[in-house]
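Since the structure comes first, as structure tokens, the remarks are kept for the end.
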Amino acid sequence: GFINFLKNFQNKTTAFIMRGQRFHEVLPRIPKLLNFNRKSLTCSYIGDGHGTPALLMWNYPLHRGWKYFEVEIIESGQACEISVGLAHSTYSLSRHVGWDWSSLGYHADNGKLYHASGAGKDFGCPCTTGDVMGCGIDFDGTSNQGMIQVHFTKNGQRIRESIEISIAKGGLYPSLALNSQGEKVRLILTPTSQSDEDEDVILIDHNHLLPELTNGWARVNTGIYIDENGSFIEHVGGSRGQDGLSLIQWGQPISRSFNCFKLEIVNVVEAIAIGLASPMYPFDQFPGWQKNSIAYHSDDGRCFHGTSWGNPYGPACKSGDTMSLWVTFDFFEESEDKVCKRTISNIDSMRELPLFGDEYEDESHSDTSSNDGGIFEKQEISVVFIKNGQKLGAIKTVIPEDGYYPTIGLMKNGEKIRVNMHPYSG
């Protein structure tokens, strides 16, 4: 299970730095009603009056190397309807933490604790401007398999006893929600009182923690083995049709400075898929089968774009073949043929293209909820899949509001691939 995976991971590596990646590219999930400053990690509610909750979720779950985070209330706003806690990666961005399934939240306005219910239970004292709300996981606090102990703090002091809950598949993600005009908070990813206890935690970029699960892979199905370098991936789970498929998703969204990746098929049993998907994409579906995803499948060479009925696209792929994905942001208005010709004629020429390898940052957007790749804004792009260095054609698509993340699917036990997430950066 996930607990055993985390234990195994901790023994293999103690580094949680995103290699070759800057902090501004590792952003949380942000709804439109929140204004997030990625430099100060402050978050403000920009809705009118007292309206729909807006939830911010960090891109990585708590784990043994990063067990605790805090939220400082800078302005309590009209009603101080602020919630802090943990939620599953697919949790709605328009719900308070704790209201729905697989979430637990401490609410500032009434001091109550909410656990998968809209009815809170008496728990602690209300919070207001200047207070700091904290949430952490005690991974060794229970002997019950699949369960964890979660605790909350106010101004550094624990509130009552820990709460035992089941851990969602894929982990529980730090989350906060605001709900009334004027509310403003600051996210503290590495509180000083906690970071001293964990020698494995590395603090970088103004004391912000960038935790990494398995060298950049943020979402990993059970049944997937990843080596210490994060480049060799093997399906080691069951082999029973759809029940046996496993997905893995990179922790960095596609952007102008990260717009291609590549895999080599070491062994294919039935099907391998390379593509892009939303961070909320269901992990029991192959990439491309559901909305907010696009993928090229090795078994039939079809391209799947939000539907289980793929379109003829390219040749099938076998062991020894390479499959790559390339994204362009600037040529959407051009014809498909011209996009391909201006983008690539052969994979070996990619390093000469101006869009790749050049760091890109628009300073005018440094204090907003969008980043260089248009994540959290709907942006039109062209996606080109490549087999063995030959381009197969451009597909026009739109980046979903929560971003497009490199996603790979392995259908059956025994399938193996080697992945290079920055194949042309050197």
Side-chain angles (χ1 to χ4, degrees), residues 16-18 22-31 34-45 54-77 80-87 96-98 103-109 111 113 124-139 150-159 162 171-179 182-212 251 366-367 369:
F16 297 105
I17 291 180
M18 280 293 185
R22 295 181 298 176
F23 173 71
H24 80 274
E25 293 174 328
V26 185
L27 291 174
R29 293 175 55 210
I30 308 169
L34 291 183
N35 181 25
F36 179 71
N37 184 314
R38 62 184 170 226
K39 294 182 178 179
S40 63
L41 292 185
T42 55
C43 183
S44 304
Y45 187 83
L55 180 139
L56 178 147
M57 178 182 291
W58 197 248
N59 259 353
Y60 294 88
L62 289 186
H63 51 81
R64 288 180 176 272
W66 181 41
K67 308 174 185 178
Y68 177 80
F69 73 101
E70 290 180 338
V71 174
E72 177 188 6
I73 302 176
I74 298 175
E75 297 290 344
S76 59
C80 199
E81 292 188 346
I82 298 168
S83 59
V84 173
L86 302 171
H96 264 295
V97 191
S103 69
L104 179 71
Y106 172 37
H107 289 219
D109 58 333
L113 182 72
C125 297
C127 302
T128 188
T129 301
D131 286 332
V132 177
M133 305 168 69
C135 178
I137 295 180
D138 303 319
F139 284 98
V150 178
H151 67 271
F152 291 91
T153 64
K154 178 183 178 182
N155 298 328
Q157 301 298 313
R158 284 205 183 202
I159 305 171
S162 297
L172 290 170
Y173 290 66
S175 304
L176 66 92
L178 309 181
N179 196 30
E183 292 172 348
K184 183 177 182 179
V185 299
R186 180 171 69 94
L187 182 60
I188 306 171
L189 296 178
T190 54
T192 303
S193 60
Q194 296 284 328
S195 61
D196 293 340
E197 301 175 5
D198 299 314
E199 296 180 357
D200 291 344
V201 173
I202 298 175
L203 306 181
I204 59 176
D205 196 356
H206 304 296
N207 214 39
H208 302 323
L209 175 66
L210 301 184
E212 176 183 321
S366 61
D367 293 333
S369 61

Fill in: Intermediate values then yes/no, side chain to side chain contact (heavy atoms under 4.5 Å, CB included), Ile159 and Leu113
CA-CA 11 Å; Ile159 305 171; Leu113 182 72; over 6 Å; no
Discussion item. Leu172 vs Leu62, test: side chain to side chain contact (heavy atoms under 4.5 Å, CB included). Steps then yes/no.
Written reply: CA-CA 6 Å; Leu172 290 170; Leu62 289 186; over 6 Å; no
So which atom in [X] and which in [Y] form the shortest heavy-atom distance, rounded to 0.1 Å?
X	Y	result
Ser44	Lys184	OG-CG, 3.4 Å
Arg186	Ser40	CG-O, 3.7 Å
Tyr106	Met133	O-CE, 3.3 Å

Side-chain ([X]) to main-chain ([Y]) donor-acceptor, under 3.5 angstrom:
X	Y	answer
Lys154	Pro126	yes
Ser76	Thr128	no
Ser103	Gly98	yes
Glu72	Ile188	no

Discussion item. Does any part of the side chain of Trp58, heavy atoms only, come nearer than 4.5 Å to the side chain of Leu176, both counted from C-beta?
Written reply: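 With C-beta onward as the side chain, the pair stays apart.
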Worksheet item: How are the rings of His107 and His96 set relative to one another: parallel (under 30°), tilted (30 to 60°) or perpendicular (over 60°)?
Response: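 Plane angle between 30° and 60°, so tilted.
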Worksheet entry | Residue among Ile82, Asn35, Leu56 satisfying side-chain contact (heavy atoms from CB on, under 4.5 Å) with Cys43 |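 Exactly one option meets the side-chain contact (heavy atoms from CB on, under 4.5 Å) with Cys43, and it is Leu56.
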Practice prompt. Begin from the C-alpha positions of Val97 and Leu55 and carry the test side chain to side chain contact (heavy atoms under 4.5 Å, CB included) through to its verdict.
Written response: CA-CA 8 Å; Val97 191; Leu55 180 139; 3.6 Å; yes
Discussion item. Between Val185 and Tyr45, does the side chain to side chain contact (heavy atoms under 4.5 Å, CB included) criterion hold? Intermediate values first, please.
Written reply: CA-CA 9 Å; Val185 299; Tyr45 187 83; over 6 Å; no
